[in-house]
Chemist: 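Mind having a look at this structure? Questions to follow.
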Amino acid sequence: MNGFLLAAAVLSAATFLVHVVLGGRQCVPPLLGSDVAWVARMTHYYCWHLVSMTLFGMAAGYGYAAWVPEGRDVAWLVTSLAVGFTAWSVVLGLWKRPRPWHALPQWVLFLAIAATALPGLVAARPS
């Protein structure tokens with residue numbers, strides 16, 4: 001068992017739960033109740049669910065890779081997602097004003113997931 005990848009699975013699962021439960025209560029009702037055009041509103045709602053599925057998939061991928069050494073490639077894939085999501089947050093923060101880092105703190109969660117997974121990936125590399 002790879003403890004770092006298991007920890008990344010737990011962090012991903014916690015992020016999934018925060019997204020679905022807390023974020024769902026705070027973000028979804030105002031979105032669905034807004035005056036934004038129906039297509040834009042439903043596109044955002046669709047994307048909300050895509051993020052939910054991605055977070056669940058990350059937790060499952062890390063969980064699999066923590067127990068099955070052949071799952072290392074899956075762990076690399078979901079780590080690349082975590083790194084990419086973190087990087088996009090940084091780019092968005094530099095690009096848009098005011099910087100949204102404090103209002104959109106999910107980048108911290110993705111950074112923590114990637115930082116936790118990377119030592120596990122290094123430890124899991126083939127000899």
Side-chain angles (χ1 to χ4, degrees):
M1 190 220 19
N2 186 315
F4 286 108
L5 296 181
L6 184 60
V10 169
L11 284 173
S12 296
T15 302
F16 167 77
L17 289 173
V18 167
H19 172 77
V20 170
V21 175
L22 299 178
R25 288 181 189 155
Q26 183 180 24
C27 299
V28 172
L31 169 67
L32 295 179
S34 73
D35 292 334
V36 174
W38 183 86
V39 171
R41 200 169 54 237
M42 290 300 108
T43 300
H44 283 89
Y45 191 49
Y46 175 76
C47 290
W48 177 270
H49 291 291
L50 292 179
V51 170
S52 300
M53 288 184 270
T54 300
L55 291 168
F56 183 84
M58 289 174 68
Y62 281 129
Y64 172 74
W67 293 101
V68 179
E70 294 80 19
R72 188 178 80 253
D73 291 342
V74 173
W76 275 111
L77 173 66
V78 292
T79 301
S80 70
L81 289 173
V83 169
F85 295 158
T86 302
W88 178 242
S89 294
V90 171
V91 168
L92 188 63
L94 294 171
W95 178 27
K96 296 295 181 182
R97 307 273 189 240
R99 292 196 166 100
W101 293 319
H102 65 285
L104 303 171
Q106 56 269 42
W107 67 273
V108 175
L109 298 170
F110 289 117
L111 180 62
I113 291 166
T116 302
L118 285 172
L121 287 167
V122 169
R125 66 177 187 206
S127 338

Chemist: Let me confirm one number: the CD-OH distance from E70 to Y64, rounded to the nearest 0.5 Å.
Modeler: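 The OH atom of Y64 is 6.5 Å from CD of E70, to the nearest 0.5 Å.
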Chemist: Between Y62 and T79, is any side-chain donor less than 3.5 angstrom from a side-chain acceptor?
Modeler: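 Their side chains do contain a donor-acceptor pair, which is all the 3.5 Å distance test asks for.
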Chemist: Distance from H49 atom NE2 to H19 atom NE2, nearest 0.5 Å?
Modeler: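 NE2 of H19 is found 8.0 Å from NE2 of H49.
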Chemist: Is the side chain of R41 donor-acceptor paired with the backbone N or O of D35 at a distance under 3.5 Å, no angle test?
Modeler: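 Side chain of R41 to backbone of D35: no pair is present.
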Chemist: Answer whether the closest heavy-atom distance between the side chains of L31 and V36 falls below 4.5 Å.
Modeler: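 Contact flag for L31/V36 side chains = no.
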Chemist: Are W38 and V28 connected in the hydrophobic side-chain network, where two residues link if heavy atoms are under 4.5 Å apart?
Modeler: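 Yes: a chain of side-chain contacts under 4.5 Å links W38 to V28.
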Chemist: Tell me, do L109 and L11 make a side-chain contact under 4.5 Å, heavy atoms counted?
Modeler: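 SC-SC contact between L109 and L11 ruled out.
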Chemist: Say whether, by atom type as modelled, one donor and one acceptor occur between the side chain of S52 and the main chain of V20 under 3.5 angstrom.
Modeler: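 No.
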Chemist: For T116 and A7, which heavy atoms make the closest approach, and how far apart are they?
Modeler: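 Minimum heavy-atom separation between T116 and A7: CG2-CB, 3.5 Å.
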Chemist: State, to 0.1 Å, how close A75 and L121 come at their nearest heavy-atom pair, and which atoms those are.
Modeler: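 Answer, listing the atom of A75 first, then L121: CB-CD2, 3.5 Å.
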Chemist: Can you establish whether the number of heavy atoms outside F4 located under 6.0 Å from its atom CZ is more than 12?
Modeler: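 Open.
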Chemist: Does some side-chain heavy atom of L118 sit less than 4.5 Å from a side-chain heavy atom of W76?
Modeler: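 Touching, per the 4.5 Å side-chain cut-off.
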Chemist: So F110 and L55, do their side chains get closer than 4.5 Å, heavy atoms only?
Modeler: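 When only atoms from C-beta onward are counted, F110 and L55 do touch, with a gap below 4.5 Å.
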Chemist: Closest heavy-atom contact between A13 and A59?
Modeler: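 The pair with the smallest heavy-atom distance is N-CB, 3.6 Å.
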Chemist: Taking L32's backbone N and O only, do any of them form a donor-acceptor pair with H44's side chain (distance below 3.5 Å, no angle check)?
Modeler: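 Checking the backbone N and O of L32 against the side chain of H44, no donor-acceptor pair under 3.5 Å is found.
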Chemist: For the residue pair W67 and P69, what are the closest heavy atoms and their distance?
Modeler: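 Minimum heavy-atom separation between W67 and P69: O-CD, 3.7 Å.
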Chemist: Should Q106 and F85 count as side-chain neighbours, where that means a heavy-atom distance under 4.5 Å?
Modeler: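 Contact flag for Q106/F85 side chains = no.
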Chemist: Any side-chain heavy atom of S89 within less than 4.5 Å of one from L92?
Modeler: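 No, every pair of side-chain atoms sits at 4.5 Å or beyond.
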Chemist: Is L5 reachable from F56 through a run of I, L, V, M, F, W or Y residues, each pair having side-chain heavy atoms under 4.5 Å apart?
Modeler: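 F56 clusters together with L5.
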Chemist: Show the nearest heavy-atom pair for residues A65 and G71, with the distance to one decimal.
Modeler: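 That would be CB-O, 3.2 Å.
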Chemist: Only one of V108, V83, T15, V10 forms a side-chain contact (heavy atoms from CB on, under 4.5 Å) with I113, so which one is it?
Modeler: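 That would be T15; it is the only one of V108, V83, T15, V10 passing the side-chain contact (heavy atoms from CB on, under 4.5 Å) with I113.
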Chemist: Nearest 0.5 Å please: distance from the CE atom of M58 over to the CG atom of L77.
Modeler: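 Going from the CE atom of M58 to the CG atom of L77 covers 9.0 Å.
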